[in-house]
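Only one structure is covered here, and it is reproduced in the block below.
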There are 2 protein chains.
Amino acid sequence: MGRTLTYPKRDINTVKRYAHRATYDVAAIHTIINLSQVLHVSFSPGPEDPFPATIPMIGQMGSFEYPSADLGEPLDCYIHGYVSARMANLARQSEEGLPVCISASKVDGLVLSLTPYNHSYNYRSAILHGYAKLVTDEEEKMWAMKVITDSVVPSRWDNSRTPPDKGELASTSILRVKIVAGSGKIRDGYASDDKKDYQNDELTSRVWTGVVPVYEVLGEPVPNPDNKVAEVPGYIQSYVDGYTKKSKDYALGATKVTLPKEEQH
Amino acid sequence: MGRTLTYPKRDINTVKRYAHRATYDVAAIHTIINLSQVLHVSFSPGPEDPFPATIPMIGQMGSFEYPSADLGEPLDCYIHGYVSARMANLARQSEEGLPVCISASKVDGLVLSLTPYNHSYNYRSAILHGYAKLVTDEEEKMWAMKVITDSVVPSRWDNSRTPPDKGELASTSILRVKIVAGSGKIRDGYASDDKKDYQNDELTSRVWTGVVPVYEVLGEPVPNPDNKVAEVPGYIQSYVDGYTKKSKDYALGATKVTLPKEEQH
């Protein structure tokens with residue numbers, strides 16, 4: 001109650017640079033994962049292949065055991081996408097599952113300073129390390145499919161043809177990742193420069209500095225050629241409008257954040 | 001002349017599902033990498049750590065040797081970001097460099113079909129495998145810094161304080177990745193459903209189907225509190241306007257693409 005859970009700082013997930021921008025706060029990290037439309041999931045295929053494999057997937061944090069758990073609590077990451085035979089075999093081979101690294105990033109602004117060296121992005125990124133197992137329990141799989149579907153458009157599950165039939169259920173792969181470490185990084189605020197540059201009048205008189213906000217928009221829904229529902233339903237339209245507003249507000253808000261003391265001048 | 005180069009189909013980069021959406025076309029893959037504001041770069045830290053490490057970085061395809069090479073030609077991937085001591089050591093240890101997997105994804109639309117099973121995204125994604133080495137040649141490093149800076153806002157290099165000084169150059173890490181394999185996936189078009197669902201009148205009369213376009217917007221530039229240039233310069237404003245238009249046009253265009261025959265009904 002009132003606690004703020006943090007992921008343990010282990011060597012593998014200690015953010016070493018710009019420590020004031022790092023976060024180990026579980027709620028902050030889970031929030032970044034959940035708002036990302038795509039997660040990049042990496043694993044090592046084995047000793048014969050030196051290259052990690054990375055697959056773009058879709059996923060959400062959640063707890064099947066405690067479905068009402070909030071984002072600040074320990075959660076699993078449920079992911080869906082193309083699980084290759086190789087990946088599935090690796091996940092089955094070991095008792096604890098396949099070690100994976102899940103990453104998500106969102107750019108919120110282009111930070112233009114006086115010199116390229118101090119250019120940056122406003123951004124939010126999160127990294128999770130955990131062990132992935134294929135979900136085999138039908139009830140858990142169905143629960144995860146609902147959570148993931150509703151992350152695309154809230155209430156879509158209840159407003160489409162559900163439940164999936166036997167064949168659909170069998171050919172859908174869901175991985176449950178038990179998280180063992182996590183970290184996040186958040187950069188916001190305006191551009192920052194070094195003394196030698198911001199005290200150079202010739203330079204400041206000719207170089208524009210500031211932030212170009214970057215945000216994602218959901219456009220007006222485009223009906224399918226064979227769609228038979230005349231109006232865009234309210235649950236879709238209100239999500240579209242809300243998404244764009246939230247995304248824009250965040251990016252604009254991020255430009256106005258006061259920088260930490262060590263970056264001010 | 002007139003050739004279309006493709007990456008070789010090797011086991012490690014053969015896209016096994018939805019083959020009609022896969023591309024090995026070098027120009028298409030390089031284009032996806034170059035338009036991505038963030039690249040996810042993964043490597044295996046070594047036998048003592050089972051988790052791949054993934055770092056969000058910024059990068060561009062290019063050739064230092066043939067700077068005028070176009071996107072359809074063999075290119076290196078130059079990436080910049082926080083290179084940890086561990087990553088730098090691994091890149092130095094072997095003659096050929098550190099094996100990395102570079103991935104980039106962009107969502108262009110939420111594809112809402114009659115049943116969650118057929119939901120999808122319109123998207124573009126690319127994966128590259130290659131060997132990363134730290135760039136040590138000063139001229140090459142400077143060239144790469146210009147290419148990467150101008151990928152954030154074209155002409156920004158020439159319109160800010162350049163060149164970087166000795167100290168800035170020394171503390172900037174640039175990796176050159178020699179690409180050995182690549183693949184891409186592109187999904188566009190409207191929603192697709194199975195016969196049992198689209199012939200179900202009760203279902204089609206109540207479930208809206210179609211695509212919600214997703215695109216990235218650059219907002220009005222927000223000047224720094226200490227910015228002294230009264231007007232947003234033309235090269236920034238025109239990039240902002242062009243970016244948003246291009247991004248929106250792509251997402252809207254993608255909703256209208258006719259599906260491949262095997263997905264039509």
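A, B, ... follow the sequence lines: proteins, then strands. Residue 1 opens every chain.
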Side chain, backbone, both or neither: which part of A:Thr149 has a non-hydrogen atom closer than 4.5 Å to chain B? side chain
Determine whether the side chains of B:Ser171 and A:Tyr117 contain a donor N or O and an acceptor N or O closer than 3.5 Å. yes
Looking at B:Thr244 and B:Val217, would you say the former's side chain and the latter's main chain have a donor-acceptor pair under 3.5 Å? no
Measure B:Asn159 against the heavy atoms of chain A and call it side chain, backbone, both or neither at under 4.5 Å. backbone
Geometric class of the B:Phe51/A:His129 ring pair [parallel <30°, tilted 30-60°, perpendicular >60°]: parallel
For chain A, find which of B:Val240, B:Ile236, B:Thr172 contributes the most heavy-atom pairs closer than 4.5 angstrom. B:Ile236
Can you check whether A:Met87's main-chain N or O pairs, donor with acceptor, with A:Ser84's side chain at less than 3.5 Å? yes
Less than 4.5 Å to any heavy atom of chain A: does that hold for the side chain of B:Pro223, its backbone, both, or neither? both
Toward chain A, the part of B:Ile102 with a non-hydrogen atom under 4.5 Å: neither
Using a 4.5 angstrom heavy-atom cutoff, name the option from B:Val111, B:Asp197, B:Leu252, B:Thr162 with the most pairs to chain A. B:Asp197
Does B:Asp150 reach the main-chain N or O of B:Trp157 with its side chain, forming a donor-acceptor pair under 3.5 Å? yes
Turns out that what part of B:Val232 lies under 4.5 Å from chain A's heavy atoms comes down to both
Under 4.5 Å from a heavy atom of chain B, the part of A:Leu112 involved: both
Check whether B:Leu114 gets within reach of chain A through its side chain, its backbone, both or neither, counting any heavy atom under 4.5 Å. backbone
Do A:Lys106 and A:Tyr215 pass the side-chain contact (heavy atoms from CB on, under 4.5 Å) test, and can you show the C-alpha distance, the side-chain angles, and the key distance before you say yes or no? CA-CA 9 Å; A:Lys106 208 172 187 67; A:Tyr215 56 94; over 6 Å; no
Looking at A:Ile127, A:Thr115, A:Leu169, which one has more heavy-atom pairs under 4.5 Å with chain B than the rest? A:Thr115
Comparing A:Gly219, A:Gly130, A:Pro213, A:Pro233 against chain B, the one with the most heavy-atom pairs below 4.5 Å turns out to be A:Pro213
Flag the pair B:Val211 / B:Leu110 as yes when at least one side-chain heavy-atom distance between them is below 4.5 Å, and no otherwise. no
Leading residue by heavy atom contact count with chain B [cutoff under 4.5 Å; candidates A:Gln37, A:Lys228, A:Glu216]: A:Gln37
Only pairs of heavy atoms separated by less than 4.5 Å count here; which of A:Ala251, A:Cys101, A:Pro47, A:Pro45 has the most with chain B? A:Cys101
Should the pair B:Arg156 and B:Tyr239 be classed as cation-pi, given the thresholds of under 6.0 Å to the six-membered ring centre and 45° from the axis? no
side-chain hydrogen bond (donor to acceptor under 3.5 Å, both in side chains) filter on A:Ser113, not counting sequence neighbours, yields A:His119
A:Glu231 atom CD: more than 12 heavy-atom contacts under 6.0 Å: no
Non-hydrogen atoms of chain A under 4.5 Å away: do they reach the side chain of B:Ser103, the backbone, both or neither? both
Could you look at B:Tyr243 and say if it's the side chain, the backbone, both or neither that has a heavy atom under 4.5 Å from chain A? neither
So which of A:Ser160, A:Ser44, A:Ala85 has the largest heavy-atom pair count under 4.5 angstrom toward chain B? A:Ser160
What part of A:Val100 gets within 4.5 angstrom of chain B, counting heavy atoms only: side chain, backbone, both, or neither? backbone
For a side chain to side chain donor-acceptor pair (under 3.5 Å) check, start with the C-alpha distance between B:Ser42 and B:Thr54, then their side-chain angles and the critical distance, and finish with the verdict. CA-CA 4 Å; B:Ser42 297; B:Thr54 303; 2.9 Å; yes
Sort out for me which of B:Thr255, B:Thr204, B:Thr209 touches chain A most, counting heavy-atom pairs under 4.5 Å. B:Thr209
Rounding to 0.5 Å, atoms OH (A:Tyr250) and CG (A:Asp188) come to a distance of 5.5 Å
Selection from B:Pro52, B:Pro50, B:Pro164, B:Ser125 maximising heavy-atom pairs under 4.5 Å formed with chain A: B:Pro52
Interface moiety of A:Asp165 toward chain B, non-hydrogen atoms closer than 4.5 Å: side chain
Engaged part of B:Lys146 at the chain A interface, taking heavy atoms whose separation is under 4.5 Å: neither
Let me know if A:Ser205 has heavy atoms under 4.5 Å from chain B in its side chain, its backbone, both or neither. backbone
Side chain from CB out, backbone as N, CA, C, O: work out which of these in A:Ser105 comes under 4.5 Å of a heavy atom of chain B, or both, or neither. both
Backbone N/O of B:Gly97 and side chain of B:Ser94: donor-acceptor pair under 3.5 Å: yes
Portion of A:Pro116 that has a non-hydrogen atom of chain B nearer than 4.5 angstrom: both
Are the side chains of B:Val229 and A:Val207 in contact, using a 4.5 Å heavy-atom criterion? no
Does the distance from a Lys or Arg side-chain N to an Asp or Glu carboxylate O, for B:Lys248 and A:Glu220, drop under 4.0 Å? no
With a 4.5 angstrom heavy-atom cut-off, could you sort out which part of A:Ala230 is near chain B: side chain, backbone, both or neither? neither
